[in-house]
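To start, the structure itself, in structure tokens.
Along the sequence shown, the residues carry numbers beginning at 1.
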Amino acid sequence: MGNVALKGINYETGNDGRSRSLTLGGDVPLAERHVEEGDNDSDDPRGHGAPSLPSQRVLFVTSEIADFVKVGGLGDVSSALPRALAAHHDIRILIPAYREVVASSREIRRVGQLPAHADLPACDIGEMTCDDGLIIYVLLCPELYEREGGPYGTGPGGYGSSGWEDNDVRFARLSLAAAEIGAGHAGLDWQPQLLHLNDWACGLAPAYLHWMGRNVPSVFTIHNLAYQGLYDASRCAALGIPDSAFHIEGVEYYGKLSFMKAGIVHASHVTTVSATYAQEITTPDFGCGLEGLLRCKAEQGRLSGIPNGIDDSWDPRTDAHLVQAFSSNDWRGKRANADYVRHRFGLGPSAGPLFAMVSRMVHQKGVDLVIDAAPHIVQAGGQLVFIGKGERRVEAQLDRLAERYPGAVGVYIGFDEEEARCIYAGSDFLLMPSRFEPCGLSQMYAQRFGSLPIAHRTGGLADTIEDGVTGFLFDEVDLAGFMQAIQQAFSVYHSTELFYAMRRAAMTGRYHWRQSIAPYTQLYQRISEEAGVEARSSA
């Protein structure tokens, strides 16, 4: 390819934020421990196995799902979490019928109709069934959803100036549809007992239920508080929002309408995707102006952190995307993937470490720090590969970096799942200097494939990386702190025994979606009981 652009219920992690020695009891180095490939893959006391609580009918509402359309981690979560929860619940998904959904090979049966409301158009509800039996409801409204571009707009991520001008209507329509299904007004032969809503695009759903006078419990999950769905206050009437709702204890946010705030205010319970991020968003540094409201939720026991996980496809022994499979007891396949990555990105042969960044290329992810660190990494004998897309300014900087260091830096502007997996498998270290990270999945993918993450101690990164054991953490978001962690990584790389011990620890210290079943089931049961909704088996 060359090296130019290839164009309440608090879930505890046990991570105390301090570096731990890589030894076991009796001062036996972990490097000398024989690690069985099955470690941590089976039942784990932190949440694996079906809880002995009633099954619930749950409508999982999302604006993206990796099966069809994905912008970031929400797409992965929306594909994997409902499937994990389906082991214990009758869970169905509601998504807009984007162009990619309609164009898929799956049959869509029309099963319901919804009337127009204010400026929100009438629409149909379609139903499709995945190969594994998961039922997905799709909101059929061609004028809103069947467009060229991403789910939010034409630019990377579709936010800001590149977002669709009518996103308020598009996602208010999704939110209202969720509320109408929850209230039993959609004409379906199935009605949920509760709603599980995700991020700002679904934020008006619990508010619509409140304005309808319907007592349907809901969980509202914040995946990234920085994106809030803010619109001019004059849009309230068009979206069917009553005048009485626009105040500081309602949907008003510094003179604007906030979808995110509506979800936080009106949901039965708010969750976010790591225990640390749940604490961080109650502070001014991370609360995006909503920290006061979120502190109140926390004090009421209505804010929890339940971490994301990864599924069984992330297994280096069986992943068909890889050039060659490998295990923690046989590194030949990892070396084969590294050779492949170097060749694909136009890098020269090297005995030094291979660093990678697999990310949206935006300011939040700390790409500027990686660009600033790149000359030091190359000078020390390392190589870098980047894959992702984002802000055009950042993409241009990466192109120039690749031109400046031919054979040492490779860049792919875009995203390819197969290439990304090979990069995780072939790299030695993953760079994640995110300024904030609600949970993060890349560090889990990398750890499972024996690539040690180097990350800022924030959010889910702090919860899933043990400093000096399964990766490296730094405290201050500046070049000095980042470079110190990188220098530690170089030192470990040259200490072969310790390096392979950390790799094994990372590969076996796995976070799986099964861990989410118990905490979500307990939460569903709690909010259903509080709402007086009878939980019964869906059989």
Side-chain angles (χ1 to χ4, degrees), residues 13 15 17 19 72-73 76-77 223-224 226 273-274 276-277 280 286 307-310 314 353-374 376-377 382-391 394 398 411-412 415 420-421 423-490 492-493 502-503 506-507 509-511:
T13 64
N15 190 333
S19 177
D76 289 323
V77 172
H223 297 264
N224 193 332
V273 287
S274 71
T276 296
Y277 192 61
E280 288 176 339
F286 296 91
N308 291 334
I310 61 177
W314 293 93
L354 179 60
F355 293 79
M357 187 170 195
V358 183
S359 174
R360 286 185 297 116
M361 300 304 174
V362 296
H363 182 71
Q364 174 204 334
K365 301 298 183 178
V367 192
D368 55 313
L369 290 176
V370 180
I371 291 172
D372 290 344
H376 304 279
I377 291 173
Q383 296 174 316
L384 294 92
V385 295
F386 297 83
I387 183 171
K389 59 183 179 179
E391 299 166 1
V394 175
L398 291 174
V411 174
Y412 174 41
F415 187 78
R421 287 182 180 244
I423 290 169
Y424 288 125
S427 61
D428 298 300
F429 301 103
L430 181 77
L431 301 175
M432 291 190 72
S434 302
R435 288 176 164 82
F436 64 94
E437 195 65 65
C439 181
L441 293 173
S442 291
Q443 79 278 13
M444 300 183 203
Y445 298 151
Q447 287 171 324
R448 186 61 177 147
F449 282 2
S451 180
L452 301 176
I454 302 172
H456 176 214
R457 195 192 303 272
T458 187
L461 302 178
D463 291 349
T464 57
I465 300 169
E466 293 183 81
D467 189 24
V469 179
T470 62
F472 304 89
L473 294 171
F474 62 96
D475 293 311
E476 299 299 326
V477 187
D478 55 32
L479 184 60
F482 187 34
M483 281 306 308
Q484 184 176 7
I486 290 172
Q487 289 162 2
Q488 290 172 345
F490 268 105
V492 167
Y493 180 82
M502 288 187 68
R503 269 188 175 174
M507 292 177 73
R510 183 175 170 191
Y511 291 84

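One distance of note links CZ of F482 with CD of E476; it measures 14.5 Å at 0.5 Å rounding. Residue F472 holds its CZ atom at 6.5 Å from CD of Q488, rounded to the nearest 0.5 Å. Here the straight-line distance linking atom CE of M357 with atom CD1 of I454 works out to 11.5 Å at 0.5 Å rounding. Rounded to the nearest 0.5 Å, atoms CD (E466) and CG (L473) are 9.5 Å apart. Rounding to the nearest 0.5 Å places CD1 of I465 at 11.5 Å from NE2 of H456. For the atom pair R360 CZ and F415 CZ, the distance stands at 12.0 Å (nearest 0.5 Å).
Under the 3.5 Å distance criterion, the side-chain polar atoms of Q447 are matched with a main-chain donor or acceptor of T464. For D463 (side chain) and T276 (main-chain N/O), a donor-acceptor pair under 3.5 Å exists by modelled atom type. Judged purely by atom type and a 3.5 angstrom limit, H223 has no side-chain atom pairing as donor or acceptor with the backbone of P438. The backbone N or O of W314 lies less than 3.5 Å from a partner atom in the side chain of R448, making a donor-acceptor pair.
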Compile the donor-acceptor pairs under 3.5 Å between side chains in residues 423-433 and protein atoms, sequence neighbours left out, one pair per line.
| residue | atom | partner | partner atom | Å |
| --- | --- | --- | --- | --- |
| Y424 | OH | S442 | OG | 3.0 |
| S427 | OG | I423 | O | 2.9 |
| S427 | OG | S451 | OG | 2.9 |
| D428 | OD1 | R503 | NH2 | 2.6 |
| D428 | OD2 | L354 | N | 2.8 |

With a cut-off of 3.5 Å and sequence neighbours excluded, list every side-chain donor-acceptor pair involving residues 361-374.
| residue | atom | partner | partner atom | Å |
| --- | --- | --- | --- | --- |
| H363 | NE2 | R435 | NE | 3.3 |
| Q364 | OE1 | N224 | ND2 | 3.3 |
| Q364 | NE2 | F436 | O | 3.0 |
| K365 | NZ | E437 | OE1 | 3.0 |
| K365 | NZ | E437 | OE2 | 3.0 |
| D368 | OD1 | R435 | NH1 | 3.0 |
| D368 | OD1 | R435 | NH2 | 3.4 |
| D368 | OD2 | R435 | NH2 | 2.8 |

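Closest approach of M444 and G309 over heavy atoms only: SD-CA, 3.9 Å. Of all heavy-atom pairs between S274 and C439, the closest is CB-CA, 4.4 Å.
Looking only at side-chain heavy atoms (C-beta outward), F474 and R457 stay at 4.5 Å or farther from each other. Residues L461 and P453 form no side-chain contact, since every pair of their non-hydrogen atoms from C-beta on lies 4.5 Å or further apart. Taking the side chain as every heavy atom from C-beta outward, M502 and T470 never approach each other to under 4.5 Å.
For T458, the side-chain hydrogen bond (donor to acceptor under 3.5 Å, both in side chains) test picks out E280, with sequence neighbours left out. Under the ring-ring contact (aromatic ring centres under 6.0 Å, His included) criterion, F490 pairs with F355, not counting sequence neighbours.
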Report task. Assess whether side chain to side chain contact (heavy atoms under 4.5 Å, CB included) is satisfied between N308 and L441, documenting all intermediate values. Result -> CA-CA 8 Å; N308 291 334; L441 293 173; 3.8 Å; yes
